[in-house]
Every structure is written in C-alpha cells, then in structure tokens.
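Quick note on labels: first sequence line is chain A, next is B, and so on, each numbered from 1.
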Number of protein chains: 2
Amino acid sequence: MQQYIDLKHRPKKTNVIAEYYLEPNRISLEKAANHVAGESSIDTWSDIKTLSPKIIKKLRPYVFSINKKQKIIKIEYPTELFEKGNIPQILSSLAGNIFGMKAVRSLKLLDIHFPEKIVKSFKGPRYGIQGIRKLTKIKKRPLIGTIIKPKLGLTAKKHAKLAYQAWVGGVDTVKDDENLTSMIFNRFKKRIDLTLKMKRLAEKETGETKIYMPNISAETTEMIKRMNYVQRKNGNYIMVDVLTVGFSALQTVRNKSKLPIHAHRAMHAALTKDKKHGISMLVLAKLARLIGVDTLHVGTAFIGKMFETKKEVLDTEREIERQYIKKNSHLLEQRWYKIKPVMAVASGGLNPVQIPKLVKTMGNNVVYNFGGGIHAHPLGTEAGAKAARQALEAVIKKKTLKQYSKNHNELKLALEKWSK
Amino acid sequence: MQQYIDLKHRPKKTNVIAEYYLEPNRISLEKAANHVAGESSIDTWSDIKTLSPKIIKKLRPYVFSINKKQKIIKIEYPTELFEKGNIPQILSSLAGNIFGMKAVRSLKLLDIHFPEKIVKSFKGPRYGIQGIRKLTKIKKRPLIGTIIKPKLGLTAKKHAKLAYQAWVGGVDTVKDDENLTSMIFNRFKKRIDLTLKMKRLAEKETGETKIYMPNISAETTEMIKRMNYVQRKNGNYIMVDVLTVGFSALQTVRNKSKLPIHAHRAMHAALTKDKKHGISMLVLAKLARLIGVDTLHVGTAFIGKMFETKKEVLDTEREIERQYIKKNSHLLEQRWYKIKPVMAVASGGLNPVQIPKLVKTMGNNVVYNFGGGIHAHPLGTEAGAKAARQALEAVIKKKTLKQYSKNHNELKLALEKWSK
C-alpha cells in the first residue's frame, strides 16, 4: 500500500473530509490510519501493479490530522472519488470495507464534510421546517405528537379511534410505530382509510390542521404503492423507517413523493450506540437531510428510554436545522447551501411533565413525541394529549406546570404520575 | 411494561425466534431481557392503557431461555407480529429501537429462526448455486474471480483491458469494486460497453463462459436503469452493495432482474464486527438469502485482510448453502424449504497460494476472489490470474503447489512472493 499520511497537508473545502475514531489492531495508529485512507479510496493491502502514479497523484487521499490522545484522524478525499447524488457509493467508500479490516480494532465514522458539489447533487427536504409550519399553520410553537401504542396489536378501527382521541386532546401529529406496516390484524389500506377519516373529523372539531404519518416501509415498489395510496386518500404525510428500508429506497420515495416524509430511525443504534465502532447519528442525520426527509428522530436531549447524551442530540439537531455549521473541536464545517432544514423529532420515553425542560433545551423547531407518555395517562389517551398540550401552553404563557395545573386537571394528574 | 419471561415455555417452530447477546445497563439480565422482548414487539416503557389483555394473550413474546453465563437470551414471537415478505418490518422489530434502549449496555442480534410462513413469503435466489453452475458450465470445481484494482481511478478502457487480461489468464468472474459506480473518470455505460466487449473476446479465445459483475448500486430507479442497461447489452450478472443500498431496494432489484445478483457486503462490519453489539453476519446473510442474492461475500475462513473467525465464516457459508441447519449450542434451527442455496464468495486479502487451504476449508461451492492477490503478481494481472487457475488445477489434480509450479512459471512466482 502507498503512503497517504501528510500532516502538513491543508485540506480544501471543495473536497470531502471524513473524521474517524480509530483504534489500531497491533500496529501503530499511523499505519492503521494509512490503511483506512487507502482502502476507503483507491488502494488495497498489496502493491498492485495497476495503481499508476497518475492515479495516485490525481485521486490520492490525505490523512492530514492524527490526534493520538483522542485517537481521532481526519482524511481528505478528492471529490472526484464520489458519485454525485449516490449515497450508497459514498457509504461504500467512507463506511465500507474499512470497518472489517484486521488492521483496525475499532473504527467509528464521526463526521463527513460534504463540499458544495456533493451537497447540490441532492434534493434535500421538499418541505422542511417552514413547509411543515405552513402546512400546519403553526407559526412558532413546537409541535406535539404521539405514536399510537401498543405498537402492534390494535385493529385498524381501534388505531383510528386512538388517533382521534389524541388529536382532539390536542396533539398535532399522530404516527404509526416503526414495526406497524400492513399486518394481518391491521391492514395498511383499512388503517389509512379509517385514520384519515378520523383526522378530518378531528380537524373539523378542533379547527386545527392535524398530521397523520402512516408507516409505508416495505420493498420499494410496494412502498411507492402505499405512498400513492396515502396521497390518493388525501393524507398529508408519510413515514419511512429510513435505516431498515435503506438509503436507495428512501431516495426513491423522496423523488416520487409529493408529501413530507417522516424519518423513523429504528436500527440506528446498532450503528451509533458504541462510542468506538460504527457510524455516528450525526452522519446518518446528514445523509437523511441530503436525501430529503422533513422530520427526523434525533433523541431526547435528556434521559428518556434511550441512551444518547445531551451533546450528541443537540449536535444532531443543529446539524439538521441550520444552514451553516462551524468547525469546532469535534465537528467538521458544513455549509448546506439551498438544502432546507429538517425539523427534529424528540421521541423515546418522554412524558408531558418534561415539556418545559425539552423546550428550553431543544427549542421550538421540534416535534415533541409522547407514546407511553400520553397513552399511560391515568385517564387515558385523550387526557394524556390534553396534558401535553396544557404543558406546552404553560410554557408559552410563561407559567410553571404547577401553576398551570391548578385549572387544568389532566396536567395535574400527569404531574402526579410523572413528577420526580 | 408487562412480564414476558417464562423459562418453562416451549417455543413453536411455526413462530419466529430471535437469539441475542445481551449486557444489561444497571439492571438485572432478566429485566433487560424483558425490556428487549416488549420493545421489539407490542410494549413500551410505561403501562399504557391501550394494551389490552386480549392483545397480550394473542401477540405476547416469550423470553424462554436466559443463559446468564454467556449472556445469551432467546425470545419467541408470534409470527402474526411480522409482515410477510417485508424485511424492513422484520428488522424494525427484531433489530430496531432495542439497540438504543438505556436498559441495555450492549446487544447483538445473533440469529433469527424464520418459520415456514415467513420463509415462503420470500422469493430467494433466482439462480442460486446450480443456476450459476449451469450458466458457467462449471460442474464441480470452485470459481476463481477477481476484483478490478485499483478500486477507483482506472478509465473504462483500462478497466476493460484488465478484465480481459484476468479472464484470458483464467479467472471465471470479474467484478467491479464496491465504490466503483458511475464516476467522472469511468462512466457506467462506457465501462459496461467496453468490458462486455472484452468479455466476449475472452470467451471466444478461451472457450469458457466468463462472468462480469458490474456494480449497479445507486438510488433504486437509477439502479434499475443500470440493471436494464446491463441486460440490454447482454451482460450475464449484476452486483449490488446490499447494505449501503439497503434491503428494500435490493428486493426491488431481485424482483425485476433477470440476471443473477452478486451481493457485496460493504459496511457490514459496522454492524457485525463488535462481538457484543450490532447484528451478526449470519443474520445479514439469512436476510440476503431470503430476498434472493445468488452470490454473497462471507469472509475468508482464515486470515486475509479481514477480521472474521473461521467458525463465523463457515457458519455463514453453511447457512446460505444448505437446505437445513440443525440447532446447536449457538445456532437456531432453520429450514429453507424451496429457497435456493446461495454461492459463497471468499474475498479480502487472499492470494493464489492459499487456494489449497481455502478449498479444503470452504469447499467447491465458492467463488474464490483475488484482488491484490492477482494484480500484484510480479508479472501483472494476466500472470496473476494464471497463477490462481494453476493453483486450482493443482488442487484438482491432487498435486502440491510446489510440485505443480515446476512446469507453471506464474504459480512459481506467486509461491515466491506469497509463501510463508
């Protein structure tokens, strides 16, 4: 293998930069970094005769930074090594064979800087934050959402009824859970028909626009059929399990859908959870923004039922919400050009009592999602939804939940159940 | 959450069984196992009012085995919890949110038993081992293959020329590498045109059927266009990066392709490498067989440039080659019914000198792939291909490589370079 380390090299913003955590396996960090750079671009383990000096000169990667203490390396790659608009090709390079090399013990892809040429080769969200605000006519406040629970087992009729209760109670968005698709006990079309009917009823009664995010995840052609069905039935959103479906099919849905796309990230933690090995949530979120989802689960910023740290969650949220990310000790610079911002979704073990803290930490451009936190309310789903909406009202009116609960019984019961 | 542990429960073969390695996070193994069972099926972190006794009775999972010493648990799920033919739905259940729960420190999905109803809902390979043997007219011996190297940088013309040299040297299959799709310096259509032309020439000269596996990986619609292009140009194989493309798009390709599909597994080790967290290669291989790839990278059974143990590689190979896998201390029983067997591909840092050992260990129903092991031969690609074919001939004629190299100069040079 050729030598790709050059710590004096200064990378260009017009090239791709990847940042990795790297633990070598019985070799030096430098040697392992060199292997990672070669295998992820133009080289292999042996001195192949077919790798010409011309190719090396034009397409070679540069390992330009090695932080021995933190075991973090940065590699610059010529943009020509990547096919525009092709996520699988980018991943097969920067997150491909390198994980399996015996030269590395652990490897985590922490961040990727995408240059203008690559960013502009993707469509990004069709709606984004402003599009969703226009759709819902909610100007500034966060959105409140629920996931129908139990995730599996309800009939389509019962599902639609619960959605109705949640909507009239006060939630803005109702979504299917990640493993609810078209089941023997709850067929897709029937669920769509009944739930959208209940959506229209709830909209009429509340005077608010409500969102239903049906899970269309399946083989691509089937998924597009389901998408078209939702569009035909005047649905206003679709949902995809972006990781179990995969990036190629997600991009197909983005290209063909007229509706905003909710991205559920089931399976992400198989890649993101280990601090030393895999792919960071930040990278997955950047890929989802490039392809163009409109809402994306990012975690909960403080402990729900999931594992991420506040810092990780906020980094991801900022990356999908802002147009420019400044380089710092752990993040690479990223300019998003005309790619619209994605609305973050906080979800996973949340309850209404956490709303003040959530809004303070994560802000207004978020869908706060409550599953168990609504359906486990002592008085049931509608009361749970009311409690969540009341908690949000309290924040908007700058009152404490305790103050506001004096005249709002559902919030009071939620406080009794979930405080401390 | 409900209680799902019942160590006296006896699982049915008609249900789905999942086997996990599980390290709990500050709670008991039992409690964590219960969380995994609930979250992967019908339950959530709180006592939701909407989870009725009827649903629990009909759809509850059973944690029926907990091995405290090995930290291995087994869970049975009613088959009704899964949508037939829908890999994303299955993964979003058995490999979804559970990885991210704070109740678990580490979690690895080791194996899944698929019952008849689910197995039969998939098509499996269109060709499989016998189909590939029929296509190539190679009755019994293993296939020898190469990957064009360098993986990126060659022009389409140079790519085609190298393929030709490898084919006339003696390899049966030539494949693109995982990150070569349609590049500025090597456009897809031009590469297909030129390489297939060289294939026809090599076939004419050698009298053998040669295979070219062009990498069509991209967004689904684009990928289907590339597949159709290969079909129109009389190609005889296509290749997909199954993990970076994703399972939905892979299934779409399987449904629409008339050609056999080669599955490159780039990115698998982000999921499979860590012994304690992620998804095993065995599970990924089972999913690929269900969907229906015809050849699949499984590793090298002894050390090349990749990390897997011999046992892991052989388990994966058997799982995709056989019609029945017997339950043992670490594998779940699996019957494959009419799903055809997949041909294993050994690849990653191999050289021709290893062929006798490879054939002894992995057998005849394998494509042995050499990238650097052919293109780094002292006399170049054609000689490298000759050396590989000579090594295989030696095995077939029951001679040692040393004996056979006396009259075969390319093999002799390979022995000098790669022995010891």
Side-chain angles (χ1 to χ4, degrees), chain A residues 42 44-51 55 59 80-81 83 86 88-89 91-93 95-97 99-102 149-150 152-153 178-179 181-184 217-221 241 244-249 251-252 266-267 269-271 273-274 277-279 305-307 349 371-372 375-376 380, chain B residues 42 44-51 55 59 80-81 83 86 88-89 91-93 95-97 99-102 149-150 152-153 178-179 181-184 217-221 241 244-249 251-252 266-267 269-271 273-274 277-279 305-307 349 371-372 375-376 380:
Chain A
I42 57 171
T44 190
W45 58 279
S46 59
D47 291 320
I48 44 179
K49 306 288 168 197
T50 47
L51 181 56
I55 293 174
L59 295 175
E80 292 73 23
L81 289 172
E83 185 184 354
N86 191 334
Q89 195 276 338
L91 280 177
S92 289
S93 298
N97 289 354
F99 290 111
M101 291 192 301
K102 70 168 192 229
K149 301 274 182 185
L152 291 181
E178 76 282 356
N179 54 0
T181 54
S182 189
M183 322 304 294
I184 289 174
S217 301
E219 176 274 327
T220 324
T221 308
D241 292 332
T244 59
V245 152
F247 290 113
S248 291
Q251 201 170 0
T252 312
M267 201 171 96
L271 293 163
K273 189 173 191 176
D274 192 298
H277 193 75
I279 303 173
K305 67 177 175 180
M306 299 302 174
F307 70 95
H375 305 295
Chain B
I42 56 171
T44 189
W45 58 279
S46 59
D47 289 319
I48 44 179
K49 307 288 167 194
T50 46
L51 182 56
I55 294 174
L59 295 174
E80 293 73 24
L81 289 173
E83 185 184 353
N86 191 334
Q89 195 276 337
L91 280 177
S92 290
S93 297
N97 290 354
F99 291 110
M101 289 192 303
K102 70 168 194 232
K149 302 272 182 185
L152 291 180
E178 75 282 356
N179 54 0
T181 53
S182 189
M183 322 304 293
I184 288 173
S217 301
E219 175 276 324
T220 324
T221 308
D241 292 332
T244 60
V245 152
F247 290 113
S248 291
Q251 201 169 1
T252 312
M267 200 172 97
L271 293 163
K273 189 173 192 176
D274 192 299
H277 192 75
I279 303 173
K305 67 176 176 181
M306 300 301 174
F307 71 95
H375 306 294

A.B. asks: To the nearest 0.5 Å, what is the distance between CG (Leu59(B)) and CE (Met183(A))?
C.D. replies: 8.5 Å
A.B. asks: Go through Gly371(A), Ala269(A), Gly246(A), Ser217(A) and name the one with the most non-hydrogen pairs under 4.5 angstrom from chain B.
C.D. replies: Ala269(A)
A.B. asks: If we ignore hydrogens and angles and just use 3.5 Å, is the side chain of Glu219(B) paired with the main-chain N or O of Ser248(A) as donor and acceptor?
C.D. replies: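 It does not hold such a pair.
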A.B. asks: Less than 4.5 Å to any heavy atom of chain A: does that hold for the side chain of Asp47(B), its backbone, both, or neither?
C.D. replies: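 Contact with chain A involves the backbone of Asp47(B) alone.
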A.B. asks: Can you list the residues that meet the side chain to side chain donor-acceptor pair (under 3.5 Å) rule with Ser92(A), with sequence neighbours excluded?
C.D. replies: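 With sequence neighbours excluded, Ser92(A) shows a side chain to side chain donor-acceptor pair (under 3.5 Å) to Asp241(B), Thr244(B), given in chain and number order.
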A.B. asks: Counting distance only, does the side-chain N/O of Thr50(B) pair as donor-acceptor with the main-chain N or O of Lys149(A) below 3.5 Å?
C.D. replies: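 Looks like yes, one N/O pair under 3.5 Å.
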A.B. asks: Considering only heavy atoms, which portion of Ile55(A) lies under 4.5 Å from any heavy atom of chain B: side chain, backbone, both, or neither?
C.D. replies: side chain
A.B. asks: Top residue by heavy-atom pair count (under 4.5 Å) with chain B, among Pro88(A), Ala266(A), Ser46(A), Gly380(A)?
C.D. replies: Pro88(A)
A.B. asks: Among Gln251(B), Glu80(B), Gln89(B), single out the residue with the greatest number of heavy-atom pairs under 4.5 Å to chain A.
C.D. replies: Gln89(B)
A.B. asks: Would you please say whether a donor-acceptor pair under 3.5 Å links the side chains of Glu83(B) and Thr181(A)?
C.D. replies: yes
A.B. asks: Ring pair (Phe, Tyr, Trp, His ring centres under 6.0 Å) with His375(B): which residues, sequence neighbours excluded?
C.D. replies: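 For His375(B), no residue satisfies ring pair (Phe, Tyr, Trp, His ring centres under 6.0 Å) once neighbours in sequence are set aside.
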A.B. asks: Among Leu51(B), Ile48(B), Asp274(B), which has the most heavy-atom pairs under 4.5 Å with chain A?
C.D. replies: Ile48(B)
A.B. asks: Between Leu91(B) and chain A, with a heavy-atom cut-off of 4.5 Å, which part of the residue counts as in contact: side chain, backbone, both or neither?
C.D. replies: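 Both parts, backbone and side chain.
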A.B. asks: Given a strict heavy-atom distance threshold of 4.5 Å, which part of Leu81(A) is in contact with chain B: side chain, backbone, both, or neither?
C.D. replies: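 Its backbone and side chain both get close to chain B.
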A.B. asks: For the interface with chain A, which of Gly372(B), Gly96(B), Ala270(B) has the highest count of heavy-atom pairs at distances below 4.5 Å?
C.D. replies: Ala270(B)
